[in-house]
K.L.:
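One structure is given below, represented as C-alpha cells, and several questions about it will come after.
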Amino acid sequence: MTGRVLDLFSCSGGAGKGYEWAGFEVDGCDIADRPRYPFPYHQGDALEYLAHLITTGDIDRYTLVHASPPCQAGCALTVGTNQSQGWGGTHTDLVAPTRALLDRTGLPYVIEQPNGRAEIRKDLTLCGEMFGLGVLRHRNFELGGWATAKPAHPRHRGYVRGWRHGVYRDGPYIAAYGDGGGKASVEEMQHAMGITWTDVHQELTEAIPPAYTQWIGTAFLTARQEVFA
C-alpha cells in the first residue's frame, strides 16, 4: 500500500473504493449507519471526528484526507428555480468549516462537490465520459496542499436518457438520481458507475464513481513522487 486515506462524509464508499484502486488503505466516517461501506468505518459527525483526530494526533496516520460534505445548500438541485420551490432552504453549508479543519491537519486534502454554487475552487472537474462510464455525474474537486494538471473534458456522446420538459430522449448515459421519468434502476446505476457493494438506491444516487478518485489518488502519488525526485 502507498498510504492511508481518511474518507470523510463517506456515504457508501464510492470515493473510498477509488482510492483503494489507486493503492491506498482507507478509513471512513459518516453520520449515518453504512453497513455496506467496504472499509473500516467510524459512525459519527465527520467534523467532530476530524477535530478529535487532530487533538489526539491520530490524524498523523493518514497520508491524504478526502471530504464530501453535504452539498444540498448549493447544489444544482436546490438553487435557482428549484430554490423558489422551497428546496434547499434549510440546508447548512459545511464546506467552509470542513476546509478550516482540513487546513489544521497540515495534510494534503481533497474536497468534492457537485456542480452548483458551493464555494470551492474547481481545481479539477471530472466527468463520467472521461472514464468511459454510463453516467456524466460532473463533480468538482478542490485540492489542498498539492496540485495536478486538469484533464481534458471530452465532448459528450449524446443525451442523458429520460424525460425532460415533456420530451423523452434516449442516450448513452443514465440518470442516476430520483425515480420515474426514465431514471435508472439500481442495477443500471451499479453497472454505470462501477459500484457493486451496495444496492441501496439512495446511496447510489449520492455516490461518485470510484474511477474519479482512482484518477485523483494516482495523480496525488505522481505529484508526491515528483516533489521527492
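All residue numbers in this chain count up from 1 along the given sequence.
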K.L.:
Could you walk me through whether Y109 and H66 pass the ring-ring contact (aromatic ring centres under 6.0 Å, His included) check?
P.N.:
CA-CA 6 Å; Y109 61 78; H66 176 100; over 10 Å; no

K.L.:
Please report the interatomic distance CD(Q113) to CD1(I208), rounded to the nearest 0.5 Å.
P.N.:
11.0 Å

K.L.:
Quick one: does Q190's side chain have a donor or acceptor within less than 3.5 Å of a partner on T198's backbone?
P.N.:
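Checked: pair present.
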
K.L.:
Within a 6.0 Å radius of atom CZ on F131, are there more than 12 heavy atoms belonging to other residues, nucleotides or ligands?
P.N.:
yes

K.L.:
Is there a path of hydrophobic side-chain contacts, each under 4.5 Å between heavy atoms of I/L/V/M/F/W/Y residues, joining V160 to M189?
P.N.:
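Hydrophobic grouping puts M189 apart from V160.
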
K.L.:
Determine whether a donor-acceptor pair (N or O, by modelled atom type, separation under 3.5 Å) exists between the side chain of R137 and the backbone of A207.
P.N.:
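Yes.
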
K.L.:
Say whether V110 and V5 are linked into one hydrophobic cluster, either directly or through other cluster members, by side-chain heavy-atom distances under 4.5 angstrom.
P.N.:
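Both belong to a single hydrophobic cluster.
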
K.L.:
With side chains defined as the heavy atoms from C-beta onward, is the minimum distance between W21 and T213 less than 4.5 Å?
P.N.:
no

K.L.:
Can you give me the closest heavy-atom contact between L204 and M193, atom names plus distance?
P.N.:
O-CE, 3.2 Å

K.L.:
Is there a donor-acceptor contact under 3.5 Å from the side chain of T148 to the main chain of A219?
P.N.:
no

K.L.:
For atom NE2 of H42, decide whether the heavy atoms of other residues, nucleotides or ligands shown that lie under 6.0 angstrom number more than 12.
P.N.:
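Counting neighbours around NE2 of H42, more than 12 heavy atoms of other residues, nucleotides or ligands fall under 6.0 Å, so yes.
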
K.L.:
Could you tell me whether a side-chain N or O of Q225 sits under 3.5 Å from a main-chain N or O of T222, the two making a donor and an acceptor?
P.N.:
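Between the backbone of T222 and the side chain of Q225 there is no qualifying donor-acceptor contact (under 3.5 Å).
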
K.L.:
Can you confirm whether more than 12 heavy atoms, excluding those of R61, are under 6.0 Å from its CZ atom?
P.N.:
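Counting other residues, nucleotides and ligands, CZ of R61 exceeds 12 neighbours.
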
K.L.:
How are the rings of F220 and F24 set relative to one another: parallel (under 30°), tilted (30 to 60°) or perpendicular (over 60°)?
P.N.:
tilted

K.L.:
In this structure, are over 12 heavy atoms from other groups packed under 6.0 Å from Q43 atom CD?
P.N.:
yes

K.L.:
Kindly assign one of parallel, tilted or perpendicular to the pair H138 and H153, based on the angle between their ring planes and the thresholds 30° and 60°.
P.N.:
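Judged by the thresholds at 30° and 60°, the geometry between H138 and H153 is tilted.
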
K.L.:
How far apart are the C-alpha atoms of R99 and E119, what are their side-chain angles, what is the distance that settles it, and do they pass the salt bridge (charged side-chain N to carboxylate O under 4.0 Å, His left out) test?
P.N.:
CA-CA 11 Å; R99 182 188 295 110; E119 294 186 2; over 6 Å; no

K.L.:
Quick check: does any side chain N or O of Y159 sit under 3.5 Å from a backbone N or O of Y168, one acting as donor and the other as acceptor?
P.N.:
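No, the answer is negative, given that no donor and acceptor are paired below the 3.5 Å cut-off.
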
K.L.:
Please round to the nearest 0.5 Å and tell me the distance separating atom CD of E20 and atom CZ of F39.
P.N.:
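Interatomic distance, E20 CD to F39 CZ, rounded to 0.5 Å: 4.0 Å.
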
K.L.:
How many angstroms lie between NE2 in H52 and CG in D45, if you round to the nearest 0.5 Å?
P.N.:
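Between atom NE2 of H52 and atom CG of D45 there are 13.0 Å.
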
K.L.:
Regarding K150 and D123, does a basic nitrogen lie under 4.0 Å from an acidic carboxylate oxygen?
P.N.:
no

K.L.:
Just by modelled atom types, is the S12 backbone N or O under 3.5 Å from a matching donor or acceptor in the R36 side chain?
P.N.:
no

K.L.:
Are L6 and L107 close enough that some pair of their side-chain heavy atoms sits under 4.5 Å apart?
P.N.:
no

K.L.:
Using modelled atom types only, decide if a donor and an acceptor are shared between the side chain of E129 and the backbone of P154 within a distance under 3.5 Å.
P.N.:
no

K.L.:
When hydrophobic residues are tied together by side-chain contacts of less than 4.5 Å, even through go-betweens, does L101 share a cluster with V95?
P.N.:
yes

K.L.:
Just how far is it from atom CG of L8 to atom CG of L47, taken to the nearest 0.5 Å?
P.N.:
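Those atoms lie 7.5 Å apart.
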
K.L.:
If you round to the nearest 0.5 Å, how far is NE2 of H201 from NZ of K183?
P.N.:
9.5 Å

K.L.:
Return yes if some donor-acceptor pair links the side-chain N/O of S10 with the main-chain N/O of C29 below 3.5 Å, else return no.
P.N.:
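Yes.
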
K.L.:
I'd like to know if the side chain of T205 and the backbone of A176 have a donor-acceptor N/O pair within less than 3.5 Å.
P.N.:
no

K.L.:
Say you draw a straight line from CD1 of I216 to CH2 of W146; how long is it, rounded to the nearest 0.5 Å?
P.N.:
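Result: 6.5 Å between the selected atoms.
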
K.L.:
Any sub-3.5 Å donor-acceptor pair from D30's side-chain atoms to C11's backbone N or O?
P.N.:
yes

